[in-house]
Amino acid sequence: MRAEHALLLLADGRDNASLAELAHAVADWDYVGRLSAQHGMDAHLYACLLSAGANDAVSTVSWETLKSRFQANAARNLRLTAQLMALLDAFSARGVRALPYKGPALAQSAYGNLALRQMADLDLLVSPAEFREARQVAANLGYRPLFH
């Protein structure tokens, strides 16, 4: 197995010594960056490398790219979380029960850190009986359905 593949498999933060060792064995950081982006692991890989003290093993350009992606992801996730909280407050005010899943809820539950999961949207479960009201609340906040 290539060091680049093993690095992504170990990027779970549990074994910093092995992660640091693998990071120093990586020959192609551009390849790691492409794999990481393709699999939505940029934020997690960045945080794990930083935690393992292995950022010195990463080429400067690749490290700056990972750092930039991490920061952009963290900012996006904070915006999405704020939107989720506003939606949940609006739903609650109208008596609509909604359960968030994936997105910020999963990031916080799985990693304890909103910045470590890449997400692009918000997912909520609403009962069929409350769907019309939920849709109206969301529309009042400026949300529009992608599909009609």
Side-chain angles (χ1 to χ4, degrees), residues 1-93 96-126 131 134-148:
M1 175 183 296
R2 287 178 64 169
E4 290 82 356
H5 294 151
L7 177 75
L8 292 178
L9 290 173
L10 269 180
D12 63 9
R14 286 183 284 200
D15 188 353
N16 284 344
S18 295
L19 185 67
E21 184 179 324
L22 274 171
H24 285 90
V26 167
D28 188 352
W29 279 103
D30 290 335
Y31 179 68
V32 170
R34 286 191 307 274
L35 276 179
S36 177
Q38 180 182 353
H39 293 286
M41 291 186 61
D42 287 335
H44 198 69
L45 178 61
Y46 172 82
C48 288
L49 287 169
L50 190 62
S51 174
N55 50 308
D56 64 332
V58 184
S59 71
T60 302
V61 171
S62 294
W63 182 251
E64 289 303 317
T65 298
L66 272 176
K67 181 178 178 180
S68 174
R69 289 177 185 169
F70 176 84
Q71 291 171 336
N73 183 68
R76 181 179 47 254
N77 289 0
L78 287 174
R79 284 191 304 275
L80 284 170
T81 301
Q83 291 174 8
L84 175 63
M85 300 312 294
L87 271 168
L88 291 174
D89 287 346
F91 284 164
S92 179
V96 174
R97 294 168 296 150
L99 178 66
Y101 72 104
K102 298 192 320 186
L106 180 58
Q108 190 61 37
S109 175
Y111 303 120
N113 185 334
L114 293 172
L116 295 185
R117 185 171 188 276
Q118 291 177 224
M119 58 189 94
D121 61 6
L122 299 171
D123 300 286
L124 297 160
L125 293 175
V126 177
F131 179 77
R135 190 173 184 164
Q136 185 60 52
V137 170
N140 291 346
L141 291 173
Y143 293 92
R144 301 288 174 254
L146 291 177
F147 308 100
H148 297 276

Are the side chain of Trp29 and the backbone N or O of Trp63 linked by a donor-acceptor pair below 3.5 Å? no

All heavy atoms of Asn73 vs all of Met119, minimum pair found to be OD1-N, 4.1 Å

Looking at Ala115 and Ala74, what are the two nearest heavy atoms and their distance? CB-CB, 3.8 Å

By side chain to side chain donor-acceptor pair (under 3.5 Å) - contacts of Ser59 (at least two apart): Ser62

Can you give me the closest heavy-atom contact between Ala43 and Leu116, atom names plus distance? O-CD2, 3.9 Å

Okay, side chain of Ser68, backbone of Glu64: is any donor-acceptor separation there less than 3.5 Å? no

Are the side chain of Ser92 and the backbone of Leu88 linked by a donor-acceptor contact shorter than 3.5 Å? no

Any side-chain heavy atom of Tyr143 within less than 4.5 Å of one from Leu87? yes

Whether Asn77 side chain and Arg117 backbone form a donor-acceptor pair below 3.5 Å: yes

Give a yes or no on whether Gln108 atom CD has more than 12 heavy-atom contacts from other residues, nucleotides or ligands under 6.0 Å away. yes

Nearest atoms (heavy-atom pairs only) where Leu80 meets Leu122: O-CD2, 3.5 Å

Taking only residues two or more places apart in sequence or in another chain, which ones pass side chain to side chain donor-acceptor pair (under 3.5 Å) with Gln136? Asn140

Just to verify, what does Arg69 make a side chain to side chain donor-acceptor pair (under 3.5 Å) with, not counting sequence neighbours? Asp42

